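Accompanying notes for the structure given below.
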Amino acid sequence: MSEEPVFVRSGWGTGRYVYNHRNPVGRALIVLASLVALGGLYGVRAESTWSEGEFRDAVHQGVADLDGKAHYTTLAGDHGFLIVEAIRKTDIGPRYGVETHQGEDGGHTIGTEDTDTEYCVHVTLTPDPDPPVVIPKSGDLPPSGPDMLAFYISHATFSEGTCR
């Protein structure tokens, strides 16, 4: 064993203790600390990016969860947020980074910056036949227009590729 201590005061004037590179244990700690730090950085990066498999599984489960679910929304507008929220709630992959673009046919192209695969998701909304009571003792009237909030049931399908 070396006569050198494992920790020595820093020569940079801070007075802190640092690993002593002249001691074999100090050298091992320097290498070990570097490997642990690199492993941690790799783990953080792996958790913050989508893989092809994670994205595929999240889209499959998200669309399955979205199909038949009740929503309080309007018929007008872009419903891509429903798809993104369903994918986020699957807890597969990162909880961000999903991009949607509405196609001319009403479908939504879903993709990420990290993956090459895109999916075309179609969401149709039908009036809820048995909506929850919003105001007690009042008859729930159907919405008078597409911009009126009402309860709808979503029906979702998907296919691989971009929407046309």
Side-chain angles (χ1 to χ4, degrees), residues 16 18-19 28-164:
R16 290 188 235 173
V18 294
Y19 298 131
L29 288 173
I30 290 169
V31 170
L32 184 64
S34 300
L35 291 175
V36 167
L38 287 173
L41 290 173
Y42 177 76
V44 167
R45 185 186 184 307
E47 289 296 318
S48 65
T49 57
W50 285 97
S51 71
E52 293 287 342
E54 284 176 333
F55 186 56
R56 179 189 62 245
D57 294 345
V59 169
H60 286 222
Q61 185 175 337
V63 169
D65 293 347
L66 186 62
D67 193 36
K69 188 174 180 185
H71 302 280
Y72 189 62
T73 187
T74 65
L75 282 178
D78 183 8
H79 294 101
F81 70 92
L82 295 174
I83 302 164
V84 172
E85 184 67 16
I87 290 171
R88 187 186 66 75
K89 285 184 177 180
T90 64
D91 288 333
I92 298 173
R95 296 174 60 92
Y96 54 88
V98 177
E99 302 166 354
T100 65
H101 305 286
Q102 188 169 10
E104 293 176 11
D105 66 347
H108 297 274
T109 300
I110 309 297
T112 68
E113 190 176 285
D114 304 325
T115 60
D116 294 330
T117 307
E118 293 181 324
Y119 295 91
C120 180
V121 180
H122 287 275
V123 177
T124 55
L125 299 173
T126 58
D128 191 345
D130 189 26
V133 177
V134 178
I135 301 172
K137 297 184 180 179
S138 71
D140 286 333
L141 301 174
S144 58
D147 293 331
M148 296 294 296
L149 287 170
F151 286 98
Y152 294 97
I153 302 293
S154 61
H155 304 281
T157 60
F158 73 96
S159 61
E160 191 170 327
T162 60
C163 297
R164 304 276 180 237

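For the single chain, residues carry numbers from 1 onward in sequence order. The shown structure was predicted, so the numbers you read here are calculated from the model rather than taken from an experiment. Because only heavy atoms are used, hydrogens play no part in the values below, and waters and symmetry mates are left out as well, while side chains stay in.
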Are any of the side-chain heavy atoms of His122 and Asp105 separated by less than 4.5 Å? yes
Pair up each side-chain donor or acceptor in residues 60-69 with any protein partner under 3.5 Å, not counting sequence neighbours, and list the distances.
{"unit_1": "Asp67", "atom_1": "OD1", "unit_2": "Ala156", "atom_2": "N", "d": "3.1"}

Partner set under salt bridge (Lys or Arg N to Asp or Glu O under 4.0 Å) for Arg88, not counting sequence neighbours: Glu85
Qualifying ring-ring contact (aromatic ring centres under 6.0 Å, His included) pairs, either residue in residues 95-119, two or more places apart: Phe55-Tyr119
Minimum heavy-atom separation for Trp50 to Ala58, with atom names? CZ3-CB, 3.8 Å
Which distance, rounded to the nearest 0.5 Å, do you find between the OG1 of Thr126 and the CG of Leu75? 9.5 Å
State, to 0.1 Å, how close Pro94 and Glu54 come at their nearest heavy-atom pair, and which atoms those are. CD-OE1, 4.2 Å
Taking atom types as modelled, find out whether Glu118 and Thr162 have a side-chain donor-acceptor pair closer than 3.5 angstrom. no
Roughly how far, to the nearest 0.5 Å, is OG of Ser51 from CD1 of Ile92? 10.0 Å
Applied to residues 60-127, the disulfide bond (SG atoms under 2.5 Å apart) test, sequence neighbours excluded, yields Cys120-Cys163
Calculate, to the nearest 0.5 Å, the distance between atoms CD1 and CG belonging to Ile153 and Asp128 respectively. 4.0 Å
Could you tell me the separation between the OG1 atom of Thr117 and the CD atom of Glu160, rounded to the nearest 0.5 Å? 5.5 Å
Could you tell me which residues satisfy side-chain hydrogen bond (donor to acceptor under 3.5 Å, both in side chains) with Glu99, sequence neighbours excluded, listed by chain and number? none
With heavy-atom distances below 4.5 Å as the criterion, would you say the side chains of His79 and Thr73 are in contact? yes
Could you tell me which non-hydrogen atom of Ile30 sits nearest to which non-hydrogen atom of Ser34, and how far apart they are? O-OG, 2.9 Å
Donor-acceptor pair, side chain of Glu113 and main chain of Gly97, under 3.5 angstrom: no
If I take atom CG from residue Asp78 and atom CD1 from residue Ile83, how far apart are they, to the nearest 0.5 angstrom? 8.0 Å
Locate the shortest heavy-atom distance separating Ser48 from Asp114; write the atom from each residue and the value. O-OD2, 4.3 Å
Salt bridge (Lys or Arg N to Asp or Glu O under 4.0 Å) involving Asp91 - partner list, sequence neighbours excluded: Arg95
